[in-house]
Protein chains: 2
Amino acid sequence: MRWSELNQADCPIARALSIVGDRWTFLILRDCFFGLKRFEAFQANLGLSRTILRDRLAHLVRAGLLVQRPYQIKPVRYDYVLSAKGRALNGVMLMLGQWGAAAVEGQPETQVRHRHQTCGEILVPYVACTACGEKVVEKDVRAERRAKVLT
Amino acid sequence: MRWSELNQADCPIARALSIVGDRWTFLILRDCFFGLKRFEAFQANLGLSRTILRDRLAHLVRAGLLVQRPYQIKPVRYDYVLSAKGRALNGVMLMLGQWGAAAVEGQPETQVRHRHQTCGEILVPYVACTACGEKVVEKDVRAERRAKVLT
DNA sequence: TTTGTGAGTTTAGTTTATAAACTCACTCAT
DNA sequence: ATGAGTGAGTTTATAAACTAAACTCACAAA
């Protein structure tokens with residue numbers, strides 16, 4: 001499995017990673033959720049090389065997660081904002097943050113929290129099942145391959 | 001921000017990515033959730049170089065997401081199984097798969113599904129708020145930095 | 001004795017990422 | 001209109017990461 005073929009995988013996780021699975025893309029998207037829009041802002045905040053930032057932004061635009069919007073003409077300057085497809089990653093972000101706060105040991109506590117506006121509380125996210133509404137725990141999940149099921 | 005400093009970030013997402021944010025680690029973990037345990041199995045399934053696989057497995061063991069268990073002696077051979085910390089990534093996996101199935105266009109449909117054993121239905125996962133139990137949508141989430149709130 | 005298994009290592013070569021300086025097309029203050 | 005500033009993007013030399021393929025080591029089984 002080469003990285004260039006990963007988008008053809010029949011596993012949805014592999015597909016997702018073909019877009020957001022490299023070292024910087026997810027952090028760029030996090031910054032987008034945080035409200036950053038401009039090249040210089042990403043570069044200053046993340047400290048990645050400009051070359052890579054340029055590549056990753058172009059990639060995210062091609063993949064349809066970010067949209068370029070001109071905020072000035074002469075010269076044309078674009079900012080990068082999340083599309084609906086990009087915003088759909090919100091759940092992944094929340095769960096990843098939830099996990100990350102707990103998973104890294106030997107460091108001071110993290111300082112970023114999320115507040116759920118509808119109830120006013122600090123957001124502690126969990127994954128639930130659309131069909132039954134129950135909290136999903138790992139032991140209750142079984143992966144299935146369609147082909148096997150249909151044969 | 002260097003990758004080596006990312007685990008010190010005060011953002012929980014950055015912390016998470018310091019462990020699972022590179023090109024292969026997440027795919028290795030996906031295979032673990034799928035039930036793979038052995039070096040050769042990962043290598044055959046993912047097709048990554050053995051050198052990198054070795055590095056990533058060692059990294060995951062050091063980070064406490066995988067546990068090495070000897071499955072034979074003479075010579076000692078280990079398999080790699082998810083720890084509680086590793087299994088805690090299940091929610092991220094599910095949400096990422098959910099997103100990935102929809103996000104990549106121009107390819108045949110993905111063939112991997114998850115079934116929720118407790119209700120028997122195909123699992124369509126969503127993120128909910130522990131405090132109010134409601135489904136969380138992006139516009140209702142606000143990031144906060146603790147320092148700012150406390151000042 | 002030979003063949004096989006399985007995790008891991010080595011090596012040489014390719015690909016990808018980095019840092020820092022530079023370009024280009026402007027704006028704005030003097 | 002001159003000179004400093006802004007902001008996205010490019011170039012280039014260098015460094016780090018990754019790959020493929022062959023090899024090692026310790027055994028088991030035929």
Side-chain angles (χ1 to χ4, degrees), chain A residues 1-7 9 14 17-29 31-32 35-63 65-81, chain B residues 1-7 9 14 17-29 31-32 35-63 66-82:
Chain A
M1 185 89 62
R2 297 292 173 305
W3 266 93
S4 50
E5 307 164 7
L6 209 56
N7 65 330
L17 292 172
S18 77
I19 302 180
V20 299
D22 71 280
R23 275 202 144 84
W24 289 112
T25 302
F26 228 89
L27 282 171
I28 294 170
L29 289 168
D31 279 5
C32 293
L36 302 200
K37 292 187 171 77
R38 297 191 185 176
F39 190 94
E40 297 294 320
F42 295 122
Q43 209 271 317
N45 192 49
L46 297 173
L48 83 175
S49 67
R50 306 173 75 78
T51 320
I52 298 303
L53 178 55
R54 182 195 162 279
D55 282 1
R56 295 297 181 269
L57 287 172
H59 182 230
L60 285 168
V61 169
R62 276 200 310 276
L65 310 215
L66 295 182
V67 179
Q68 271 182 313
R69 284 193 324 198
Y71 67 87
Q72 69 169 38
I73 16 179
K74 292 170 158 248
V76 192
R77 287 288 114 99
Y78 298 97
D79 53 21
Y80 299 85
V81 298
Chain B
M1 185 88 64
R2 295 297 171 302
W3 268 93
S4 50
E5 308 164 7
L6 209 58
N7 65 332
L17 292 171
S18 77
I19 300 180
V20 299
D22 70 281
R23 275 201 144 88
W24 290 112
T25 301
F26 229 89
L27 282 172
I28 294 171
L29 288 167
D31 279 5
C32 292
L36 303 199
K37 291 188 172 78
R38 296 191 186 177
F39 190 93
E40 296 296 320
F42 295 123
Q43 209 270 318
N45 192 50
L46 297 173
L48 82 175
S49 66
R50 307 172 74 78
T51 320
I52 299 301
L53 178 56
R54 182 197 162 278
D55 282 1
R56 294 297 181 271
L57 287 173
H59 182 229
L60 285 167
V61 169
R62 274 200 311 277
L66 295 183
V67 179
Q68 271 181 313
R69 283 192 324 196
Y71 68 88
Q72 68 168 41
I73 15 177
K74 290 169 161 255
V76 192
R77 285 290 114 101
Y78 298 98
D79 53 20
Y80 299 86
V81 299
L82 288 164

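Reckoned from all heavy atoms, side chains included, excluding hydrogens, waters and symmetry mates. Please read these numbers as outputs of a predicted model, since none were measured by experiment.
When every heavy atom of B:Trp24 is checked against every heavy atom of B:Ile52, the shortest pair comes out as CD1-CG2, 3.8 Å. Between B:Tyr80 and B:Tyr78, the closest heavy-atom pair is CE1-O, 4.1 Å. Minimum heavy-atom separation, B:Cys32 to B:Leu66: SG-CD2, 3.7 Å.
Side-chain contact check for A:Tyr71 versus A:Arg38: some heavy-atom pair is nearer than 4.5 Å. Contact of the A:Leu36 side chain with the A:Ile28 side chain is not registered, since no non-hydrogen atoms from C-beta on lie closer than 4.5 Å. With a 4.5 Å cut-off on side-chain heavy atoms, B:Ile19 and B:Thr25 do not count as touching.
Proximity of a side-chain donor or acceptor of A:Gln68 to a complementary backbone N or O of A:Asp79 within less than 3.5 Å is not detected. In this structure a side-chain-to-backbone donor-acceptor pair under 3.5 Å is missing from B:Glu40 to B:Gln43.
Note that CG of A:Leu57 is 11.0 Å distant from CG of A:Leu65, once rounded to the nearest 0.5 Å. Atoms CG and CG, on A:Leu46 and A:Asp31 in that order, are 4.5 Å from each other to the nearest 0.5 Å.
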Identify each atom pair where a protein N or O and an N or O of nucleotides 1-5 of chain D are less than 3.5 Å apart, giving names and distance.
none

All N/O contacts under 3.5 Å from nucleotides 14-18 of chain D to the protein, with atom names and distances to one decimal?
residue: D:dC18; atom: OP1; partner: B:Arg56; partner atom: NH2; Å: 2.9
residue: D:dC18; atom: OP2; partner: B:Arg56; partner atom: NH2; Å: 2.9

Quick test: give all pairs of protein nitrogen or oxygen and nucleotides 3-8 of chain C nitrogen or oxygen below 3.5 Å, distance rounded to 0.1 Å.
residue: C:dG6; atom: N2; partner: B:Arg77; partner atom: NH1; Å: 3.1
residue: C:dG6; atom: N2; partner: B:Arg77; partner atom: NH2; Å: 3.4
residue: C:dG6; atom: N3; partner: B:Arg77; partner atom: NH1; Å: 2.8
residue: C:dA7; atom: OP1; partner: B:Phe39; partner atom: N; Å: 3.4
residue: C:dA7; atom: OP2; partner: B:Glu40; partner atom: N; Å: 2.7
residue: C:dA7; atom: O4'; partner: B:Arg77; partner atom: NE; Å: 3.2
residue: C:dA7; atom: N7; partner: B:Glu40; partner atom: OE2; Å: 3.1
residue: C:dA7; atom: N7; partner: B:Arg50; partner atom: NH2; Å: 3.2
residue: C:dG8; atom: OP1; partner: B:Tyr80; partner atom: OH; Å: 3.2
residue: C:dG8; atom: OP2; partner: B:Tyr80; partner atom: OH; Å: 3.0
residue: C:dG8; atom: N7; partner: B:Arg50; partner atom: NE; Å: 3.3
residue: C:dG8; atom: N7; partner: B:Arg50; partner atom: NH2; Å: 2.9
residue: C:dG8; atom: O6; partner: B:Arg50; partner atom: NE; Å: 3.1

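As rounded to whole Å, 16 Å separates atom C1' of C:dA17 from atom NE2 of A:His59. Residue A:Ile73 contributes atom CD1, which lies 22 Å from atom P of D:dT6 at whole-angstrom precision. Spacing between atom CG of B:Leu48 and atom C1' of C:dT15 amounts to 16 Å, rounded to whole angstrom units.
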